[in-house]
Every structure is written in structure tokens, then in C-alpha cells.
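Let me begin by presenting the structure, written as C-alpha cells, before commenting on it.
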Amino acid sequence: MAERPPRAPRAESREIVELKQLREAHPELASAVDMQVALVDMQRRVQSRVPLPWIQADAEWLRTQQAAGKPLVRFNDIPLDWTDFRLTFRQTADILRRFDALEPADHEKILALGREGNALEPLVQRRYLATSGTDPGTGDRSRAIAEASPVPDHPPSLDQVLALALRPFLARCAEVVMQRTDLSAWRHGYCPCCGWEPDFAVITPSADRRLICGRCAAQWSFGTHTCPFCSNDDRSRITSFATRDGRYRVYACDVCRRYLKAYDGRGAARPVMVSVDSIATLPLDAAAIQKGYVG
Ligand SMILES: [Zn+2]
Ligand SMILES: [Zn+2]
């Protein structure tokens, strides 16, 4: 009987290849890189199973919603398969625990929450409504978010696990919304799709800055010298510094003390890859924190 040739290993994504190169060049980042590889690999597998959502919204509703500063992806638009979400939620917590990014006690609590038959679904919905500001009842968005957190009796790291676990599902929504909707009039510091904060940015070849959502990866244009967290646009109160090679930059706000990192795409060899660039810039976080800013 002829032996079957061994099955070819699955092609590694560009992100994984770049992450492995980063680990070679910077062994001091190895643990952070390994955690990111595990997360990216898991999220990619989940996302490939998530169908493109059918987002039912007419042009008029999209315009009104945007004009009111309300994000466009409603909870019911998210193609959530609960069995798959539960698995993603647990695997996310396990990966964070494995790399010591989650305390053992918090990990236990989060796993228990995932096991409870009817606790997780309403919690995910409540947290999404509170942090997205998409539903019509939401008045003052920032106040609603402040009042909704932290979740009583749950560890503060729960929101991080929820955001990471929702990403593969929400990213599909962001794909659809960005393809179908003109977001150029969106002038807010939070995501036009899901309402979350930006956690990275990219400077385009034409020197515009685009913010990138930390939950669904949507991108939108935002003033280069305006703070997305407090809207401070006094240029003299924005501190900006770059890495020596000029590839990355930090914008730090001297009013609210928060900062945002960016990939400078001008003359760059590849487009921004948040999963890679956020790890490559960990030394910049240290520099910003040392100057008294917070992430
Ligand atoms: Zn988003
Ligand atoms: Zn600020």
C-alpha cells in the first residue's frame, strides 16, 4: 500500500510570520510575542467560521445614527453563535492565564461564568450595550459607560476577556459596515462600528491619522493632533515622540494624560498590522508610562 504523503502544514498568516521575526530580533519580547501568536491563531480560526452578518439598516438610519454620534453595529447584528462564543471566551481566558496576563483567581471566576448556563449571554449583551452606546436609550454615552463598569462581583479583567472573545465576531460586522458605509463624516474618538476606544493608529502616506478600534479593528480618520480620549485639540498640549527608526510614534495628551501609539505608514514596506505593531512597540509603552502617561 502506497504511503500517503504527509499533509502540508497550514500556511502561516503574514501576521504570524512577522511575529516570529519579531521574536528573533527581540528575544526580550518573546513571551509577549508567544501570547499574541496564540491569540491571533485562535481568533483567526474562529473568524473563519463566522458568517458575514446581514446588517439590516437603511441609508437614512445610518445617517441619523452617525449624526447622533452613535455607532452602527447593534447587538443583534453580531453573528454570535453561543457555543462558539463560549469556547472562544474560555480559550481567551486560558491563553491570558498561560502567559500570566490573568491572575489565577480571576481566571477561575471567568471560567465559572462561562460554565454557568444562563449567566454569560445576558452579561455579554449588557456589556455590549453599555460600552457601545448603539441603543436608542443611551443618553450621555460616556456617563452610561462609566456607570456600567466595573461589573459588580466580576474581576476588572473580565472586560478585556470579553473584548478579545468578541473580536472575531465583531470584526466581521466591521468588515461589512466599512465596505458599505461612508464613515468619512465620523468625528468622534470612539469606534463608529462598536463604540470601543482606539488602541492603535496608523499614519497614512498622505499624513492623515486613522484610529483603529481595540475591539472590532474598524478604522476611521481622526485629527492628527486631537486626543481621541478627551477631545483636547490644543497642539501645544499634545506631546508626540517617535522611535529612532521613525516607524512608530506616540501621541500623548497633557490634559487627560492618556496616549496612543501609531504606525507611520509613510514610506513603509508593509501596511499596519496591529497584532504585530502593538507588540513591537511595547518599549514605547514603557517610555510613555515613564513620562507619566497612561495607556
Ligand atoms: Zn469597534
Ligand atoms: Zn486627552
Side-chain angles (χ1 to χ4, degrees), residues 43 47 50 52-53 55 57 62 65-66 69-80 124-125 127-135 138 141-142 144-146 148 159-181 183-184 186-202 209-241 249-262 272 274-275 278 288-289 291-295:
Q43 290 179 340
Q47 200 169 326
V50 178
L52 272 184
I55 297 183
L62 290 168
Q65 192 83 347
Q66 280 201 67
K70 292 183 185 222
L72 303 176
V73 176
R74 293 155 297 189
F75 185 73
N76 288 336
D77 293 326
I78 309 172
L80 270 177
V124 172
Q125 178 166 16
R127 295 305 294 158
Y128 185 77
L129 291 180
T131 55
S132 67
T134 46
D135 72 320
T138 315
R141 186 179 161 279
S142 51
I145 290 172
D159 267 344
Q160 186 201 3
V161 176
L162 281 177
L164 286 170
L166 261 183
R167 179 172 294 166
F169 304 91
L170 263 179
R172 295 298 246 167
C173 300
E175 272 175 52
V176 171
V177 168
M178 286 197 297
Q179 226 170 60
R180 287 202 332 209
T181 320
L183 297 173
S184 59
W186 186 261
R187 291 279 175 271
H188 304 280
Y190 50 89
C191 173
C193 293
C194 80
W196 199 254
E197 292 183 337
D199 76 345
F200 213 80
V202 55
R209 185 172 66 158
R210 290 175 69 75
L211 306 186
I212 304 171
C213 175
R215 184 159 65 176
C216 76
Q219 289 191 14
W220 69 102
S221 294
F222 195 71
T224 312
H225 290 96
T226 303
C227 170
F229 306 110
C230 77
S231 307
N232 159 41
D233 61 356
D234 176 353
R235 260 189 107 121
S236 68
R237 303 193 73 191
I238 298 284
T239 300
S240 173
F241 53 95
R249 180 164 282 284
V250 168
Y251 298 93
C253 174
D254 294 315
V255 175
C256 71
R257 309 300 296 172
R258 297 199 55 188
Y259 70 90
L260 188 67
K261 300 182 291 185
V272 63
V274 178
S275 59
S278 59
I289 289 164
K291 289 176 201 278
Y293 299 107
V294 285

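Every number for a ligand or one of its atoms is a count from 1 in the order of the listing. Just so it is clear, the values below take in all heavy atoms, side chains as well, and ignore hydrogens, waters and symmetry mates. When a residue number appears, it is its place in the shown sequence, counting from 1.
Considering every non-hydrogen atom in both Q47 and R172, the closest pair reads O-NE, 3.7 Å. Nearest heavy atoms, D77 versus C173: O-SG, 3.9 Å.
Between H225 and Y251, the ring planes lie perpendicular to each other; the angle is over 60°, past the 30° to 60° tilted range.
With the Zn ion (ligand 1) as the vertex, SG (C194) and SG (C213) define an angle of 100°, rounded to 10°. With the Zn ion (ligand 1) at the apex, C216 SG and C191 SG define an angle of roughly 100° (rounded to 10 degrees). Angle SG (C227) to the Zn ion (ligand 2) to SG (C256): 110°, rounded to 10°.
For a distance bound of 2.8 Å, the N, O or S atoms of C193 include none lying that close to the Zn ion (ligand 1).
Taking the charged nitrogens against the carboxylate oxygens, E175 and R180 have no contact shorter than 4.0 Å, which rules out a salt bridge.
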